[in-house]
Participant: 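Input: one structure, supplied below.
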Amino acid sequence: MAKNDWQVIEPASHFSPNTLAETLDGGQAFRWKFNEEVGAWQGIFDRFACLLKLDTNSDLLFQSLSKNKAKSFSSCKAFLRSSIDWASHEDSLPWRSDTHMKQCLESFRGLRILKQPFGEALLAFMCSATKQIPQIKVMCQNLAQTLGSPLGKNLHAMPTWEQVAEASETQLRSLALGFRAKNIKKTADLIAADSTLLKQIEQASYEDAKSALVEFPGVGEKIADCALLFGTDHMQAFPVDTWIIKVLEKRYELEGWDNKQLAQFGRIHFGPLAGFAQQFLFSWERTQPKVRA
DNA sequence: AGGCAGGTGGCCA
DNA sequence: TGGCCACCTGCC
């Protein structure tokens with residue numbers, strides 16, 4: 001691969017190798033893997049495939065693997081939310097008064113929230129119920145390979161919801177979706193039946209979008225918050241999953257609070273960037289060595 | 001070998 | 001409201 005195929009997509013990026021990995025492959029997106037041969041992250045988002053790697057001077061380098069290289073480049077910038085000043089976002093989190101938050105920030109400087117296509121985020125997180133990251137990645141890969149549009153070189157986009165709707169529940173089950181298949185099929189039918197529905201939800205306020213999302217079968221508060229955090233600009237969305245429950249109980253002494261109360265605590269304590277804070281808590285907790293009883 | 005995993009929905013008191 | 005349980009599937 002010729003050197004000049006690489007373009008600087010973000011000069012002097014705020015990423016470390018670790019936080020780039022954690023951002024791309026730490027549980028918010030499921031279509032990235034490290035390509036050992038090339039020494040770069042290879043990923044697919046929207047209708048684009050590309051490579052990303054950090055240069056020694058911490059420039060972030062990009063190489064398109066799909067057609068329409070110019071559009072691929074600008075779309076990847078949007079996907080990375082490159083225009084956001086992430087360092088000042090970090091500074092605005094309540095680390096001054098919250099020692100655990102401070103520790104998480106110090107461990108994951110440069111971590112950020114990606115901007116995935118809304119429909120993709122919703123689909124991926126509908127797959128995520130009681131699954132671990134490697135298995136969610138398999139489901140997404142199966143969905144893309146079987147139902148998504150080809151991008152060349154055995155690369156496939158995630159299917160649109162209309163494409164999902166064309167599959168039967170049985171077919172979806174054969175893609176290792178398990179009991180999620182039924183709800184994903186029903187949700188796909190609802191979305192396919194109203195061509196503006198998903199766009200309307202995407203453009204609605206946080207509260208309105210969340211109420212609309214939880215109407216879909218198989219979408220509760222947690223999945224709705226994930227779709228909104230990773231697929232829209234609503235960074236106040238605060239997904240409460242098992243990891244976050246653990247942190248809030250242990251570090252914030254909130255034993256006995258239910259998930260709704262925990263979500264409310266998160267949005268109040270961490271503020272308008274609660275979802276960004278959540279990602280630090282999540283990454284820290286997820287990468288802690290397991291303690292054996 | 002059985003229990004559990006980035007949940008949700010249904011049923012029961 | 002609050003607690004309990006089934007639900008696919010793969011991995012420890």
Side-chain angles (χ1 to χ4, degrees), chain A residues 21-32 104 108 111 113-114 116 120-143 145-146 164 167-190 210-231 235 237-251 254-264 266 270 274-293:
Chain A
E22 188 63 22
T23 298
L24 296 175
D25 196 28
Q28 44 174 317
F30 302 97
R31 304 223 60 210
W32 291 84
C104 293
F108 292 96
L111 184 68
I113 304 292
L114 298 168
Q116 303 175 52
E120 286 186 16
L122 179 59
L123 180 54
F125 282 94
M126 286 193 75
C127 294
S128 76
T130 64
K131 280 291 175 191
Q132 298 172 78
I133 294 170
Q135 289 150 347
I136 303 167
K137 288 173 79 168
V138 168
M139 294 187 223
C140 289
Q141 170 62 24
N142 290 344
L143 280 165
Q145 188 101 12
T146 312
V164 176
S168 66
E169 183 190 328
T170 308
Q171 214 175 337
L172 293 174
R173 279 185 180 261
S174 74
L175 304 179
L177 300 199
F179 64 78
R180 301 153 199 81
K182 185 187 291 243
N183 287 331
I184 288 174
K185 171 62 177 165
K186 284 187 191 164
T187 295
D189 288 341
L190 289 170
K210 190 161 169 185
S211 335
L213 282 173
V214 297
E215 292 298 310
F216 290 128
V219 180
E221 305 248 329
K222 191 272 176 184
I223 289 175
D225 271 331
C226 285
L228 291 170
L229 178 59
F230 304 125
M235 233 177 281
F238 188 83
V240 175
D241 56 42
T242 60
W243 296 101
I244 295 305
I245 293 170
K246 274 184 216 164
V247 186
L248 293 181
E249 286 181 345
K250 197 170 54 181
R251 296 274 172 175
L254 302 179
E255 276 101 358
W257 292 41
D258 68 31
N259 289 9
K260 258 200 160 88
Q261 294 170 318
L262 293 175
Q264 169 113 345
F270 298 110
F276 185 43
Q278 182 269 359
Q279 204 58 28
F280 283 94
L281 299 175
F282 177 82
S283 292
W284 191 87
E285 192 66 21
R286 190 181 79 79
T287 55
Q288 284 304 106
K290 265 190 188 166
V291 281
R292 304 178 46 109

Participant: Expressed in whole Å, how much space separates the P atoms belonging to B/dA1 and C/dC7?
Facilitator: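 Per the computed distance, 23 Å lies between those P atoms.
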
Participant: Look at all strands and tell whether A/R286 reaches a base, only sugar-phosphate, or nothing, counting heavy atoms closer than 4.0 Å.
Facilitator: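 No contact at all - A/R286 keeps every heavy atom at 4.0 Å or more from the nucleic acid.
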
Participant: C/dT9 P sits how many Å from A/R180 CZ, rounded?
Facilitator: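 Between P of C/dT9 and CZ of A/R180: 9 Å.
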
Participant: Where each pair must be Watson-Crick or G-U wobble with both distances under 3.5 Å, what dot-bracket representation of DNA chain C is obtained, with crossing pairs in [ ] and other-strand partners as |?
Facilitator: |||||||.||||

Participant: Does A/F179 lie flat on the base of C/dC8, that is, centres under 5.5 Å apart and planes under 30° off?
Facilitator: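 According to the criterion (under 5.5 Å, under 30°), no, A/F179 does not stack.
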
Participant: Tell me which one of A/K137, A/R31, A/R286 satisfies salt bridge (Lys or Arg N to Asp or Glu O under 4.0 Å) with A/D25.
Facilitator: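 When A/K137, A/R31, A/R286 are each tested with A/D25, the salt bridge (Lys or Arg N to Asp or Glu O under 4.0 Å) holds only for A/K137.
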
Participant: Less than 4.5 Å apart, side chain to side chain, heavy atoms only: is that true for A/E221 and A/N259?
Facilitator: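 Result no, sub-4.5 Å side-chain heavy-atom pair not found.
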
Participant: Can you give me the closest heavy-atom contact between A/A224 and A/V219, atom names plus distance?
Facilitator: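 Closest pair (atom of A/A224, atom of A/V219, distance): N-CG1, 3.8 Å.
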
Participant: Taking only heavy atoms on the protein side, list every residue of residues 210-223 of chain A lying under 4.0 Å from any atom of DNA chain B, sorted numerically.
Facilitator: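 Hits under 4.0 Å, by residue number: A/F216, A/P217, A/G218, A/V219, A/G220, A/E221, A/K222, A/I223.
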
Participant: Base, sugar-phosphate, or nothing: which does A/E285 touch, judged by heavy atoms less than 4.0 Å apart?
Facilitator: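 It contacts nothing in the nucleic acid.
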
Participant: Would you grab the first and last nucleotide of DNA chain B (5' to 3') that comes under 4.0 Å of any non-hydrogen atom in chain A?
Facilitator: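 Reading along DNA chain B, I get B/dA5 to B/dG9.
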
Participant: Which residue lies toward the 5' end of DNA chain B, A/N183 or A/S128, if each is placed at its nearest nucleotide?
Facilitator: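 Nearest nucleotide further toward 5': that of A/S128.
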
Participant: Please give the distance between the P atoms of B/dC11 and C/dC8 as a whole number of Å.
Facilitator: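 Nearest-Å result for B/dC11 against C/dC8 at atom P: 16 Å.
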
Participant: Please report the shortest heavy-atom distance between A/L177 and A/L172, naming the atom on each side.
Facilitator: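 Smallest heavy-atom distance, with atoms named: CG-O, 3.3 Å.
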
Participant: Might you point out which heavy atoms bring A/F125 and A/F30 nearest each other, and give the distance in Å?
Facilitator: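 Heavy atoms of A/F125 and A/F30 come nearest at CZ-CE1, 3.6 Å.
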
Participant: A/G26 near the nucleic acid: base, sugar-phosphate alone, or nothing, with a heavy-atom cut-off under 4.0 Å?
Facilitator: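 Counting heavy atoms under 4.0 Å across all strands, the contact made by A/G26 includes a base.
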
Participant: In whole angstrom, give me the gap between the C1' atoms of B/dG6 and C/dG2.
Facilitator: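 Their C1' atoms lie roughly 23 Å apart.
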
Participant: Which part of the nucleic acid, if any, lies within contact of A/I244, taking any heavy atom under 4.0 Å across all strands shown: a base, the sugar-phosphate backbone alone, or nothing?
Facilitator: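 No contact at all - A/I244 keeps every heavy atom at 4.0 Å or more from the nucleic acid.
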
